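One structure below.
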There are 2 protein chains.
Amino acid sequence: MLNPLTRKLLAFCDFTSAERRALARLGEYGVQRLPGNGLGNDPRKPGDVYLVVDGWAQRYKILPDGGRQILAYLLPGDMSERDTDVFGGFDHEMEAIGYATVCQISKQTLLETERDHPRIAIALAWAACVERATLQEWIANLGRRSPERRVAHLLCELWRRMAIIGNADGDVMSFPVSQVQLADTVGLTPVTVNRIIQRLRQQNTIILQNGKLQVLQAEQLCTMAGFDAAYLYADNSHAKSHDF
Amino acid sequence: MLNPLTRKLLAFCDFTSAERRALARLGEYGVQRLPGNGLGNDPRKPGDVYLVVDGWAQRYKILPDGGRQILAYLLPGDMSERDTDVFGGFDHEMEAIGYATVCQISKQTLLETERDHPRIAIALAWAACVERATLQEWIANLGRRSPERRVAHLLCELWRRMAIIGNADGDVMSFPVSQVQLADTVGLTPVTVNRIIQRLRQQNTIILQNGKLQVLQAEQLCTMAGFDAAYLYADNSHAKSHDF
DNA sequence: CGTTAGTTTGAAAGTCTTCAATTCTCGTGG
DNA sequence: CCACGAGAATTGAAGACTTTCAAACTAACG
């Protein structure tokens, strides 16, 4: 079975068996299981990169007034930012959601892998590019979508990303995010998020309970969210056509 | 006189005279003056990168419902995203604010410059890193700051960035952004932005008129905004200490 | 079976948006 | 040199919506 990083990058280009072995090795360094969901348990050491292999993690900021803003969800196959680690400290925190399994990869190991397998380096750069596009989509989400659409859009994105790595079983997927976390993601209060979710349930659009999300009416959800998956570059046709 | 790109990167590391010449050359390719502020006049060709040398530009998205979200302001020395250009189409538009002078640099020229001057490549990577940090700061701004703080924070950021490239004359700087654009940046209506600005004026915090911004009480503005310039890495101490 | 985190509900208060209409600014043409 | 027009800024008032504040309820866990 391929690890989630390989599964994710496969959406960008095919790999030789040598490359696949290298990717597999990346998922075997310093494996550790982290509890999140509590105190500040940010496990990061500068210079190292963390790859989520099971469960979810989140990156977030705490503002001066104590408010929290979630900046990104790290699904299996996602890595903590590499560049930031290279150029200095972190400007945000990271922690697991519930429990997550991550592996800790030294900068050197990563650089050697990229040196030995240029196509992997390109694929990782592509992944970083998608991450930046996602940040931009979140800005648009927070700034110019109605509360209901905001939540819907986030659900669409997470569903699609889980599907890309093969972690969505049809229209059902694991969804370990609490309503408070959703609120800290989409810039609303937990109360509002709760009422929006109830509305979505009443419309038979989704089922969300017990850490599981089921999308009953995908078409409707995507439409109301104004969701266009292009920014995830899940449509790899143009990417694969490059000479990589 | 150094061009704005050089001035910006100088905040990251010093350059040899050969490197400075290379940076100077980058600012001389395909110079053109663009009117913005009107119709969709996005001048970009895939594969080319655009460097702002005078005036401001903006990147933005148009949502399905017609709303506009501004994603970033490009000040002198800023470049349109390189990665996006490499990996496919654009997922956003770009246009000048008022009039701006940009130069059009082919991907090949840029890559050659980076190849011949590795430290320039690193400095550009650093700049991209700062841009990503800025996107994240905007997410926090939109999601978890009050309207008043949002506007204040944006003003702080732009003031600081103008100062970094030496385009702020003390507490006064050019500020070609309309209130409607501010509204499309911070996720508010023009009416609300207008009232916030009036409040800032009445408190003698800023003067904003005729395309000029003057910060009368910097301390107060930054405090109320919860502004911490660390994400701009303007404090180059840790960066310059690297072995670049 | 008690505890804790998470979800749900209600009602009041506050704030932003909406919708118009007015005023101001500045470049252009007469 | 002044009138005109377009874009930008400003103002007012009503309405809609989210937030706030509590409190009750549920579910999971030891």
Side-chain angles (χ1 to χ4, degrees), chain A residues 35-39 41 56 58 63 65-70 95-99 141-152 155 174-202 206-213, chain B residues 35-39 41 56 58 63 65-70 95-99 141-152 155 174-202 206-213:
Chain A
N37 217 358
L39 332 105
N41 66 336
W56 294 24
Q58 56 185 340
L63 301 193
D65 68 354
R68 175 180 67 167
Q69 175 63 46
I70 293 177
E95 70 179 33
I97 298 175
Y99 273 86
N141 209 28
L142 286 161
R144 278 291 175 256
R145 260 191 271 264
S146 71
E148 194 161 32
R149 284 162 195 262
R150 262 183 245 181
V151 174
L155 296 182
S174 164
F175 194 88
V177 182
S178 75
Q179 292 182 9
V180 175
Q181 288 170 311
L182 286 178
D184 285 341
T185 306
V186 294
L188 300 167
T189 60
V191 174
T192 303
V193 168
N194 178 273
R195 286 171 180 151
I196 288 171
I197 288 176
Q198 289 183 51
R199 229 176 298 155
L200 290 174
R201 281 199 272 246
Q202 282 162 13
I206 63 167
I207 297 176
L208 178 55
Q209 57 185 205
N210 298 43
K212 290 253 177 296
L213 169 67
Chain B
N37 216 359
L39 333 103
N41 64 335
W56 294 24
Q58 56 185 340
L63 301 194
D65 67 355
R68 174 181 67 166
Q69 175 64 45
I70 294 178
E95 68 179 34
I97 299 176
Y99 273 87
N141 210 28
L142 286 161
R144 278 292 175 255
R145 261 191 270 265
S146 71
E148 194 161 32
R149 285 163 195 262
R150 261 183 246 181
V151 174
L155 297 182
S174 165
F175 194 88
V177 182
S178 75
Q179 292 183 7
V180 174
Q181 288 170 310
L182 287 178
D184 285 340
T185 306
V186 293
L188 299 168
T189 59
V191 174
T192 303
V193 167
N194 178 273
R195 285 170 181 152
I196 288 172
I197 288 176
Q198 289 183 51
R199 230 176 296 155
L200 290 174
R201 281 200 271 246
Q202 281 160 13
I206 63 168
I207 296 176
L208 179 54
Q209 59 184 201
N210 297 44
K212 291 251 178 295
L213 168 67

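From a predicted model like this one, the values you see are computed outputs, not experimental measurements. In what follows, every heavy atom counts, from backbone to side chain, and hydrogens, waters and symmetry copies are set aside. In what follows, chains are A, B, ... by sequence order, proteins preceding strands, each numbered from 1.
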Round to a whole Å and report the spacing from [atom1] of [X] to [atom2] of [N].
X: A:Lys212; N: D:dA28; atom1: NZ; atom2: C1'; value: 15 Å
X: A:Arg201; N: C:dT7; atom1: CZ; atom2: P; value: 9 Å
X: A:Gln209; N: C:dT7; atom1: CD; atom2: C1'; value: 12 Å
X: A:Arg199; N: C:dT7; atom1: CZ; atom2: P; value: 17 Å
X: A:Arg145; N: D:dT18; atom1: CZ; atom2: P; value: 16 Å
X: A:Ile196; N: C:dT9; atom1: CD1; atom2: C1'; value: 16 Å
X: B:Asn194; N: C:dT23; atom1: CG; atom2: C1'; value: 12 Å
X: B:Ile97; N: D:dG7; atom1: CD1; atom2: P; value: 17 Å

[X] side chain, from C-beta outward: closest of [options]:
X: B:Gln198; options: D:dC21, C:dT17, D:dT11; result: D:dT11
X: B:Ser178; options: C:dT17, D:dA8, D:dC21; result: D:dA8
X: B:Pro147; options: C:dG6, C:dC16, D:dT10; result: C:dC16
X: A:Arg195; options: C:dT18, C:dG6, D:dT20; result: D:dT20

Evaluate the side-chain proximity of B:Ile196 to B:Arg199: yes if any heavy-atom separation is below 4.5 Å, no if none is. yes
For this session: Would you mind reporting whether B:Leu200 and B:Leu155 have side-chain heavy atoms less than 4.5 Å apart?
Result: yes
Got a donor-acceptor contact below 3.5 angstrom from the [X] side chain to the [Y] backbone?
X: B:Arg150; Y: B:Arg145; result: yes
X: A:Asp65; Y: A:Gly67; result: yes
X: B:Arg144; Y: A:Gln69; result: no

Report which part of the nucleic acid [X] touches: base, sugar-phosphate, or nothing (heavy-atom distance under 4.0 Å, all strands).
X: B:Leu188; result: sugar-phosphate
X: B:Thr192; result: base
X: B:Gly187; result: sugar-phosphate
X: A:Arg144; result: nothing
X: B:Pro190; result: nothing

Comparing A:Asn210 with B:Ile197, nearest DNA chain D nucleotide closer to 5' gives the residue B:Ile197
